[in-house]
Amino acid sequence: MSQDFTIYNTLSRKKEIFKPITPGYVGMYVCGPTVYGEAHLGHARPAITFDLLFRYLRHLGYKVRYVRNITDVGHLVDDADEGEDKIEKKARLEQLEPMEIVQQYTVGYHKNMEQLNTLPPSIEPRATGHIMEQIDAVKRIVEQGYGYEAEGSVYFDVEKYAKDHDYGKLSGRKLEDMLENTRELEGQSEKKSSADFALWKKADHTHLMRWEAPWSDGVPGWHMECTAMSTKYLGETFDIHGGGADLKFPHHEAEIAQSVGAYGKESVNYWMHNNLITINGQKMGKSLGNFITLNELFSGKHELLEQAYSPMTVRFFILQAHYRSTLDFSNEALQAAQKGFDRLMKAIELLPGLKASDNSTIDVDKLIADTWSAMQDDLNTPVALAHLFDGVKWINAIHDGHQKATQADLTKLSDFINQFVFDVLGLTNETEKEQSSGDDKLNEVITLLLNLRNEAKAAKDYATADKIRDQLKEIGVVVKDKKDGFEWEIVE
RNA sequence: GGUCGGUUGGCCGAGUGGCUAGGCAGCGGUCUGCAAAACCGCGUACGGCGGUUCGAAUCCGCCACCGACCUCCA
């Protein structure tokens, strides 16, 4: 490919040419879910965004190690000493073991991700499986002088770190501003500074989940797991770290500080953040209680939903916006995505049956080049899809005889579209014709009816012809007349 | 209050200093017995006010509004 693959690096706030540390190999880490609730539409965005990146990097020929964690130790509910673990809270509510909660929602998450046709990550580490690594990283930070113990807990010394390094570089913050604007917390904390964050948190016997560590029995700090696990599986420096934009601060900022604090260097070359999905212009989030779970979306069972939306409609909807833009949810937008996706799939179904001509009136090479070019530009899927819809128009026009293409062009177009749509964009055709694959007897019956209808049409008995068509439609069989026969499909 | 981002036609959403995506909806036409689908054509949008420029929606400034982060959050 003549053009370089560029990605927007949050750290530099500009697009950079992607160059992996080791030629041919890419290490990428993406923050996964905290499994204390059902996956919602917000979870679909990073999952699909980084699945796309994963697929695209592989398409470019890289061998990719994609690590996405499962957070199964709840982060503390708040910053106060009496903070409660989210997973434990849920466990008490439902009278379950914490690990039962974790298991339930992890399974649910995997199911949803599979429905959205995201590829499983290469490694999916769990925080509880890496307590030793986290303790080890905390020890290193303390040894380097960037962590201190207080009352059995260990905190990151942000003010000291900020003297030696740029704390806030990722999120564009200045420590002074943060200190000025941090609100007063009730109850004096044992922290030296309000900006300090926990690396290890002491937990008393009322906590269901806690581990033994040099400082106390407790739980790892909120940001430690990603640092520990990314280092373990990708090394002290790796290529790409992704996640939702809401994680920039404090989570990712803390990760940078922890890496530098523990290993003396920044671990990540390219920080990538997907933007948020909004609902009525507001962020969709668990804490705001305005989220729609993926199961609700797929079933249509939610007061905000006018209908069910299939996983591929959701995937297509997300791909129609650039990953760095906010995307506003609405029934109208989802329905538009559904129809657009349907149009794309219908055209792809026509591809194998297109008749070749001895010359082409379309420029397949340009279409292909333009589409890949859009992908090279920071994964610009909306532009890529726009080009793809030019292809859709061509396919329909060739089908109708308004445009022509040689066999070579048709093959090229077909190969390209199949590769791009299914392998790279990760879409699947959900409406794979029941027409041919389904019930043979049903096919025969419908064909019989439509043949009778054609006889009625030939006899100009339009009342009968329309009756057959209308009643089939009521049953859910949509009939389309063609010049030399008919087509039909089962809807719903 | 601090930091960052956004404001594009009926809706969703790209993009660019001049050649003015795409999807959905709408309108007109072709095709059809009528439809449906498809195809062709149409609508000339970029928050407001200034400035830079031959030319800005695109660059700069100010203002307004919206949002995100500053506490866990994809």
Side-chain angles (χ1 to χ4, degrees), chain A residues 10 13 30-34 36-37 39-50 71 74-80 83 86 168 171-174 176-178 180-183 185 195 222 242-251 253 273-278 281-288 291 316-317 320-322 324-341 343-344 346-347 350 374 377 380-390 392-393 395-397 399-403 457 460-462 465-466 469-470 473 478-483 487 489:
Chain A
T10 309
R13 297 181 201 340
V30 175
C31 293
T34 303
Y36 68 105
H40 59 79
L41 186 50
H43 290 106
R45 190 105 196 249
I48 288 170
T49 297
F50 294 105
T71 298
H75 293 155
L76 296 175
V77 168
D78 61 46
D79 202 20
K86 282 191 289 201
S171 54
R173 285 157 211 269
K174 291 194 178 74
E176 309 88 77
D177 296 339
M178 287 188 256
E180 272 173 35
N181 292 301
T182 304
R183 55 186 140 144
L185 288 168
W222 322 321
D246 49 347
L247 296 178
K248 274 187 223 171
F249 190 89
H251 187 58
E253 201 72 72
H273 292 94
N274 62 275
N275 218 318
L276 306 178
I277 289 182
T278 58
Q282 250 209 335
K283 173 182 170 174
M284 178 180 291
K286 273 178 206 155
S287 53
L288 297 170
F291 63 94
F316 187 78
F317 172 65
Q320 266 196 315
H322 186 87
R324 279 189 290 116
S325 301
T326 56
L327 173 60
D328 201 48
F329 162 87
S330 69
N331 281 285
E332 211 179 351
L334 260 304
Q335 283 158 15
Q338 183 180 47
K339 287 183 185 168
F341 177 64
R343 186 168 137 86
L344 176 62
K346 286 222 169 78
L350 289 178
D377 182 17
N380 198 331
T381 49
V383 167
L385 284 170
H387 292 304
L388 207 56
F389 273 99
D390 286 339
V392 167
K393 200 168 272 191
I395 290 167
N396 286 326
H399 183 67
D400 284 4
H402 300 131
Q403 298 275 10
K457 277 169 68 182
K460 297 209 188 301
D461 179 6
Y462 296 124
D466 289 352
R469 184 176 63 195
D470 293 346
K473 191 180 177 185
V478 174
V479 178
K480 296 177 204 170
D481 288 348
K482 306 298 287 185
K483 276 206 176 62
E487 284 179 1
E489 65 175 330

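From a predicted model like this one, the values you see are computed outputs, not experimental measurements. The chains referred to below are lettered A, B, ... by the order of the sequence lines, with proteins before strands, and numbering in each begins at 1.
- Taking atom CD of A/Q338 as the reference point, atom P of B/C24 lies 12 Å away to the nearest angstrom.
- Here the OG1 atom belonging to A/T278 is positioned 3.5 Å from the CG atom belonging to A/D328, to the nearest 0.5 angstrom.
- Counting heavy atoms from C-beta outward, A/N396 and A/L350 have side chains that approach closer than 4.5 Å.
- Taking atom P in both B/U44 and B/C34, the straight-line distance is 32 Å, to the nearest Å.
- Atom pair A/F316:CZ and B/C24:P shows a separation of 8 Å (rounding to whole Å applied).
- Note: A/T34 OG1 to A/H43 NE2 = 7.0 Å, rounded to the nearest 0.5 Å.
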* Which string of ( ) [ ] | and . matches RNA chain B, if you list each base 5' to 3' and count Watson-Crick or G-U pairs only when both distances are under 3.5 Å? -> (((((((..(((.....[...))).(((((.......)))))....(((((..]....))))))))))))....
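- Atom C1' of nucleotide B/A14 and atom CG of A/L385 are separated by 11 Å, given to the nearest angstrom.
- Looking at A/S325 and A/N275, their side chains never come closer than 4.5 Å, going by heavy atoms from C-beta outward.
- In this structure, the CG atom of A/L276 is 13 Å from the P atom of B/C73, given to the nearest Å.
- When each of A/G243 and A/Q282 is assigned the nucleotide of RNA chain B with its nearest heavy atom, A/Q282 is the one assigned upstream, toward the 5' end.
- Only the C1' atoms considered, B/C46 is 14 Å distant from B/A21, to the nearest whole Å.
- At least one side-chain heavy atom of A/L334 sits under 4.5 Å from a side-chain heavy atom of A/F329.
- Residue A/H40 is classed as a base contact, given a heavy-atom separation below 4.0 Å to a base.
- Of the possible donor and acceptor atoms, none in the side chain of A/E487 sits under 3.5 Å from a partner among the backbone N and O of A/K480.
- Within the 4.5 Å cutoff, side-chain heavy atoms of A/Y462 are placed close to those of A/K460.
- Dashed line: the shortest gap from a side-chain N or O of A/N275 to OP1 or OP2 of B/A68 is not under 4.0 Å.
- Listed for the A/N380 side chain is a donor-acceptor partner under 3.5 Å among the backbone atoms of A/V383.
- Closest to the side chain of A/Q320, from the set B/G23, B/A14, B/A68, is B/G23.
- Judged by distance alone with a 3.5 Å cut-off, a donor-acceptor contact links the side chain of A/K283 to the base of B/C73.
- Atom CG of A/L385 and atom CG of A/D390 lie 11.5 Å apart (nearest 0.5 Å).
- For a distance-only test at 3.5 Å, the side chain of A/R173 qualifies as a donor-acceptor partner of the base of B/C69.
- For A/R45, taking side-chain heavy atoms from C-beta onward, the closest of the listed nucleotides B/G67, B/A14, B/A74 is B/A74.
- Within 4.0 Å of A/A245, counting heavy atoms only, lies no atom of the nucleic acid at all.
- With rounding to whole Å, A/H43 atom NE2 is found 10 Å from B/C73 atom P.
- As rounded to whole Å, 15 Å separates atom P of B/G67 from atom CE of A/M284.
- As rounded to the nearest Å, B/U32 and B/G9 have P atoms that lie 39 Å from one another.
- Note: A/H40 and A/F291 have tilted aromatic rings, judged against thresholds of 30 and 60 degrees for the angle between ring planes.
- Side-chain atoms of A/A386 lie closest to B/A21 of the nucleotides B/C73, B/A21, B/G23.
- In this entry the distance linking CG of A/L247 with C1' of B/C4 reads 15 Å, nearest Å.
- Following rounding to the nearest Å, A/H322 (NE2) and B/G13 (P) show an atom-to-atom distance of 14 Å.
- With RNA chain B read from its 5' end, the first of the two nearest nucleotides for A/T326 and A/K174 is the one closest to A/K174.
- Residues A/K346 and A/E489 are paired through a salt bridge, judged by an N-O separation under 4.0 Å between the basic side chain and the carboxylate.
- Distance check on atom C1': B/A35 versus B/C42 gives 24 Å, rounded to whole Å.
- Nearest to the side-chain atoms of A/D328 among the listed nucleotides B/G13, B/A74, B/G23 stands B/G13.
- Of the side-chain N and O atoms in A/S325, one or more sit less than 4.0 angstrom from OP1 or OP2 of B/A14.
- Using a 4.0 Å heavy-atom cutoff across all strands shown, A/L327 reaches sugar-phosphate atoms only and no base atom.
- Only the P atoms considered, B/U20 is 36 Å distant from B/C4, to the nearest whole Å.
- Only the C1' atoms considered, B/A64 is 7 Å distant from B/G48, to the nearest whole Å.
- In this structure, A/Q320 contributes its side chain and A/A337 its backbone to no donor-acceptor pair below 3.5 Å.
- B/G43 and B/A37 have their P atoms separated by 23 Å, given to the nearest Å.
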* Structure fact -> Expected string for nucleotides 32-42 of chain B under the B/S/- scheme (protein heavy atoms, under 4.0 Å, primed atoms plus P, OP1, OP2 as sugar-phosphate) is -BBBB-BSS--
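- A gap of 32 Å separates the P atoms of B/G18 and B/C66, to the nearest Å.
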